[in-house]
Amino acid sequence: MLYKSTRNSQLRLEASQVIVQGISEEGGLFVPESFPDLSGGELPKLIELEYPALAKVIFKKFLTDFTEDEIAACVDKAYTKEKFGDKSPVKLVSLPKNGEHKFLLELWHGPTCAFKDMALQILPQFLTTALRKNGGGKEAVILTATSGDTGKAALEGFKDVPGTRILVFYPRDGVSPMQKRQMATQEGQNVAVCAIEGNFDDAQAGVKAIFTNSQLKSRLLEHNMLFSSANSINWGRLLPQIVYYVYAYLELVRTEQITLGKPMDVVVPTGNFGNILAAYYARKMGLPIRKLVCASNANNVLTDFIRTGTYDRRREFYATSSPSMDILISSNLERLLYDLSGEDSSLLSSWMKGLSENGVYSVGEAVLKKVQELFYGGFCGESGTAQTVRELWEKEHYLCDTHTAVAVDVYRQYLGNIDNSSVPAVIASTANPYKFSASVLEALGQTAVENDFENLGKLEEITGINAPEQLRRLCEKEERFAQIIPKDQAAEYVLTTLGIGG
Ligand SMILES: *Cc1c(COP(=O)(O)O)cnc(C)c1O
């Protein structure tokens, strides 16, 4: 299996190369040249597999320059009971209610309590394996822009991993107090964290600019280092996310909620379009998925896109109670459009140029039609989010976080728009509610205070549900990182931190 770039059809690279490189030199994203088919008799054989075994089967199809032993070693180090609390790192919770056949796919049982752990616990394994193959002994410098959860998950995944350094940028006022504290107290000798005066898109643009700056690249090479990415633009982030959609489907079959071959719907709270793209790829591999429901918060650029075919980021940016979705440039949409436009890399390049130069592009009727056949787009504002958290708690006794609430609300909107509602829906539950204690408390009608640990304690008191240990213990930890930089100074910060500035 080789990989090409969405903006350069000539390129052919091995899996290990695209994982090390992260993003293509001309700014495109790496995509597999084909997708293996699971539907032709293979799916039934996977039913009995436990999560790690299933992951190995799927990874083997895509990481063709990794040996079977290498893949097994990566998986066995990542999805341990020690890190995820159980032998299955994910859980599928059934919440049936008045015609809703909904299943919450809890993806947040990992070390940092958000779904990002599913990919970021294994990416360092993939990357160090890939570096052994073609890194030439270089040290990998992982640059990461975060809207809150990626940063912490990447730091946890890469901390003290030999041969790597990790630098994380987050928007100063764009993350929850708990997210900030998680990052500021990060341990490890090879880590650095820095706040940017700007929003997530500024942080992401700064990081992308560093990746495509050839001068910086040669400066690093002189010091035997290379840049790589832990953002969902890295193929090594997306691939692990395909697995849990397959797993969820098989779990529905195992528990006799669905007969093999019958479809499910998938609902995903979306920001950078990574998680939902993984579901699309699973569908492309033959997993029976009827509709992909793309749920946005008040930053509803994707809802508008799915409804009109015009992607227009020229709009107000809202800081919401679901900060990990406060994004106006959803990078991974590029991969979907590459696919739906018949892999037309020159068309893709022109759309992306339109986006970066004018903030807008339109995909035209034919592509829009394909988008709408596959996706339903909807959004949920702040009051709807709070109301959904409260309703789920009061009526279904399920405590969910704000991101998951957005997805549940949009699922309900979607149900109001379709005829056949007997199809079960798997809703991605992306964070532990205690990660957003203040917002969840307020949604339950309580007053939140400045100190997030008090909020956490109060939420435990009201609900009787224990907060995860790793969040509770944060209050005892010492803060190590407090630096804030203007948004155009990310490159200088990187060079200084690596000790190769000036
Ligand atoms: C990152 C994140 C999202 C959005 O996922 P994308 O892959 O960026 O679309 C949703 N919810 C939570 C809690 C997240 O951390």
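Computed from a predicted model, the values in this text were never measured in an experiment.
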Chemist: State, yes or no, whether a side-chain contact exists between Tyr361 and Met352 at a heavy-atom distance under 4.5 Å.
Modeler: yes
Chemist: State plainly whether the residues Glu469 and Arg472 are in salt-bridge range, i.e. N to O under 4.0 Å.
Modeler: yes
Chemist: Could you tell me which residues satisfy side-chain hydrogen bond (donor to acceptor under 3.5 Å, both in side chains) with Glu343, sequence neighbours excluded, listed by chain and number?
Modeler: Lys4
Chemist: With a cut-off of 6.0 Å (strictly less than), are more than 12 heavy atoms of other residues, nucleotides or ligands near NZ of Lys60?
Modeler: no
Chemist: Do the charged groups of Asp265 and Arg290 touch, with an N to O distance under 4.0 Å?
Modeler: yes
Chemist: Does any part of the side chain of Thr310, heavy atoms only, come nearer than 4.5 Å to the side chain of Asp304, both counted from C-beta?
Modeler: no
Chemist: Taking C-beta and beyond as the side chain, do Met1 and Ser34 meet within less than 4.5 Å on heavy atoms?
Modeler: yes
Chemist: Can you list everything that forms a side-chain hydrogen bond (donor to acceptor under 3.5 Å, both in side chains) with Arg254? Sequence neighbours excluded, please.
Modeler: Glu251
Chemist: Under a 4.5 Å cut-off applied to non-hydrogen side-chain atoms, are Thr385 and Thr388 in contact?
Modeler: no
Chemist: Taking the six-membered ring for Trp, is the centroid-to-centroid distance between Tyr311 and Trp351 below 6.0 Å?
Modeler: no
Chemist: State, yes or no, whether a side-chain contact exists between Ile23 and Ser229 at a heavy-atom distance under 4.5 Å.
Modeler: no
Chemist: Examine the side chains of Thr112 and Gln470 and answer whether a donor and an acceptor come within less than 3.5 Å of each other.
Modeler: no
Chemist: To the closest 0.5 Å, what do you measure between OG (Ser5) and CD (Glu25)?
Modeler: 10.0 Å
Chemist: Pairing donors with acceptors under 3.5 angstrom, does anything connect the side chains of Ser94 and Gln257?
Modeler: no
Chemist: Using a 4.5 Å cut-off on heavy atoms from C-beta on, say whether the side chain of Ser324 contacts that of Ser147.
Modeler: yes
Chemist: Yes or no on salt bridge (charged side-chain N to carboxylate O under 4.0 Å, His left out) for Lys152 and Glu156, after CA distance, side-chain angles and deciding distance?
Modeler: CA-CA 6 Å; Lys152 178 60 184 181; Glu156 253 331 284; 3.6 Å; yes
Chemist: Do Asp339 and Tyr281 have side-chain N/O donor and acceptor atoms under 3.5 Å apart?
Modeler: no
Chemist: Kindly say whether the aromatic ring centers of Phe375 and Phe273 come within a distance under 6.0 Å.
Modeler: yes
Chemist: For the residue pair Tyr318 and Asn300, confirm or rule out a side-chain donor-acceptor distance under 3.5 Å.
Modeler: no
Chemist: With a 3.5 Å cut-off and no angle check, do the side chains of Ser39 and Asp37 form a donor-acceptor pair?
Modeler: yes
Chemist: Quick test of your reading of the model: are Lys61 and Glu42 salt-bridged, counting only N-O distances below 4.0 Å?
Modeler: yes
Chemist: Under the criterion salt bridge (charged side-chain N to carboxylate O under 4.0 Å, His left out), I'd like the reasoning laid out for Lys435 against Asp149: C-alpha separation, chi angles, the key distance, then a yes or no.
Modeler: CA-CA 9 Å; Lys435 214 163 172 179; Asp149 291 330; 2.8 Å; yes
Chemist: When you compare the side chains of Asn134 and Glu14, does any donor N or O come within less than 3.5 Å of an acceptor on the partner?
Modeler: no
Chemist: Among residues at least two apart in sequence or on other chains, which ones pass side-chain hydrogen bond (donor to acceptor under 3.5 Å, both in side chains) with Tyr51?
Modeler: none
Chemist: Can you see whether Asp326 engages Asn299 through a side-chain donor-acceptor pair at a distance of less than 3.5 angstrom?
Modeler: yes
Chemist: Between Lys133 and Glu70, is there a salt bridge with N-O shorter than 4.0 Å?
Modeler: yes
Chemist: Should the heavy atoms of other residues, nucleotides or ligands under 6.0 Å from CD of Glu373 be counted, would the total exceed 12?
Modeler: yes
Chemist: Please tell me if the side chains of His109 and Asp86 come closer than 4.5 Å, counting only heavy atoms from C-beta onward.
Modeler: no
Chemist: Looking only at the aromatic ring of each residue, does the gap between the centers of Phe30 and Tyr3 stay below 6.0 angstrom?
Modeler: no
Chemist: Is it the case that the ring center of Phe126 lies less than 6.0 angstrom away from the ring center of Phe59?
Modeler: yes
